[in-house]
Amino acid sequence: MIKAVISTGAKQYLVSEGDEIDVELLNTTDKKVIFDALLVIDGNKTSVGNPLVSSIKVSADVIEIDSMAEKVLSIRYKSKKRVHKIRGHRQHHAKIKINKIA
């Protein structure tokens, strides 16, 4: 089984063929996306890029373009001072399925 490390949205993901992962929002409307591989693991053979592995591309299908993660709450509170502030944030995600590492 071939595994590869891809980079998108300032994060790196270890993927193999058939994986479905949530990545940060992609700035594309296409249904197919191609990523460059940073590292490729094929059994006992490992190829490390400098910074990218040449001739290895990872193709993926976009399943959902704009889904949202769970809300994260940030609370600031001072006791006995009637001071409190609540902030919320929901990160935008895209769900992709890895088709081929070649």
Colleague: In this structure, would Leu52 and Val5 fall into the same cluster of hydrophobic residues linked by side-chain contacts under 4.5 Å?
Modeller: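 Yes, it is one cluster - the side chains of Leu52 and Val5 are joined through contacts under 4.5 Å.
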Colleague: Begin from the C-alpha positions of Lys32 and Asp61 and carry the test salt bridge (charged side-chain N to carboxylate O under 4.0 Å, His left out) through to its verdict.
Modeller: CA-CA 5 Å; Lys32 294 202 180 275; Asp61 286 336; 3.1 Å; yes
Colleague: What distance do Asp42 atom CG and Ile2 atom CD1 have between them, rounded to the nearest 0.5 Å?
Modeller: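 If I round to the nearest 0.5 Å, the distance is 4.5 Å.
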Colleague: In terms of hydrophobic clusters joined by side-chain contacts under 4.5 Å, are Ile6 and Leu25 together?
Modeller: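 Hydrophobic grouping puts Ile6 apart from Leu25.
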Colleague: Taking the side chain as every heavy atom from C-beta outward, state whether Leu39 and Val53 have any pair of such atoms under 4.5 Å apart.
Modeller: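 No, their side chains stay 4.5 Å or more apart.
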Colleague: Please say yes or no: joined through hydrophobic side-chain contacts below 4.5 Å, possibly via intermediate residues, are Ile41 and Tyr13 part of one cluster?
Modeller: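 Looking at the clustering, Tyr13 is in a separate group from Ile41.
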Colleague: For the residue pair Ile56 and Val40, what are the closest heavy atoms and their distance?
Modeller: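 Closest pair (atom of Ile56, atom of Val40, distance): CG2-CG2, 3.7 Å.
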Colleague: Drop me the distance from His92's NE2 to Arg90's CZ, to the nearest 0.5 angstrom.
Modeller: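 His92 atom NE2 to Arg90 atom CZ measures 8.5 Å (nearest 0.5 Å).
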Colleague: Transitively linked via ILVMFWY side-chain contacts under 4.5 Å: Leu38 with Phe35?
Modeller: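 Result: no, two separate clusters.
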Colleague: Yes or no on side chain to side chain contact (heavy atoms under 4.5 Å, CB included) for Asn50 and Val48, after CA distance, side-chain angles and deciding distance?
Modeller: CA-CA 7 Å; Asn50 188 13; Val48 180; over 6 Å; no
Colleague: Applying side-chain hydrogen bond (donor to acceptor under 3.5 Å, both in side chains) between Glu24 and each of Gln91, Lys11, His93, report the one that passes.
Modeller: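 Testing each of Gln91, Lys11, His93 against Glu24, the sole residue satisfying side-chain hydrogen bond (donor to acceptor under 3.5 Å, both in side chains) is Lys11.
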Colleague: For Asn44, which residues count as a side chain to side chain contact (heavy atoms under 4.5 Å, CB included) partner, sequence neighbours excluded?
Modeller: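 So Asn44 forms no side chain to side chain contact (heavy atoms under 4.5 Å, CB included) with any residue.
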Colleague: Say you draw a straight line from OG of Ser74 to NE2 of His89; how long is it, rounded to the nearest 0.5 Å?
Modeller: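 Output value for this atom pair is 11.5 Å.
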Colleague: Which distance, rounded to the nearest 0.5 Å, do you find between the OG1 of Thr8 and the CG of Leu26?
Modeller: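 Going from OG1 on Thr8 over to CG on Leu26, the span is 5.0 Å.
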Colleague: Output the distance between atom NZ (Lys80) and atom NZ (Lys78), rounded to the nearest 0.5 Å.
Modeller: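 If we round to the nearest 0.5 Å, Lys80:NZ and Lys78:NZ are 14.0 Å apart.
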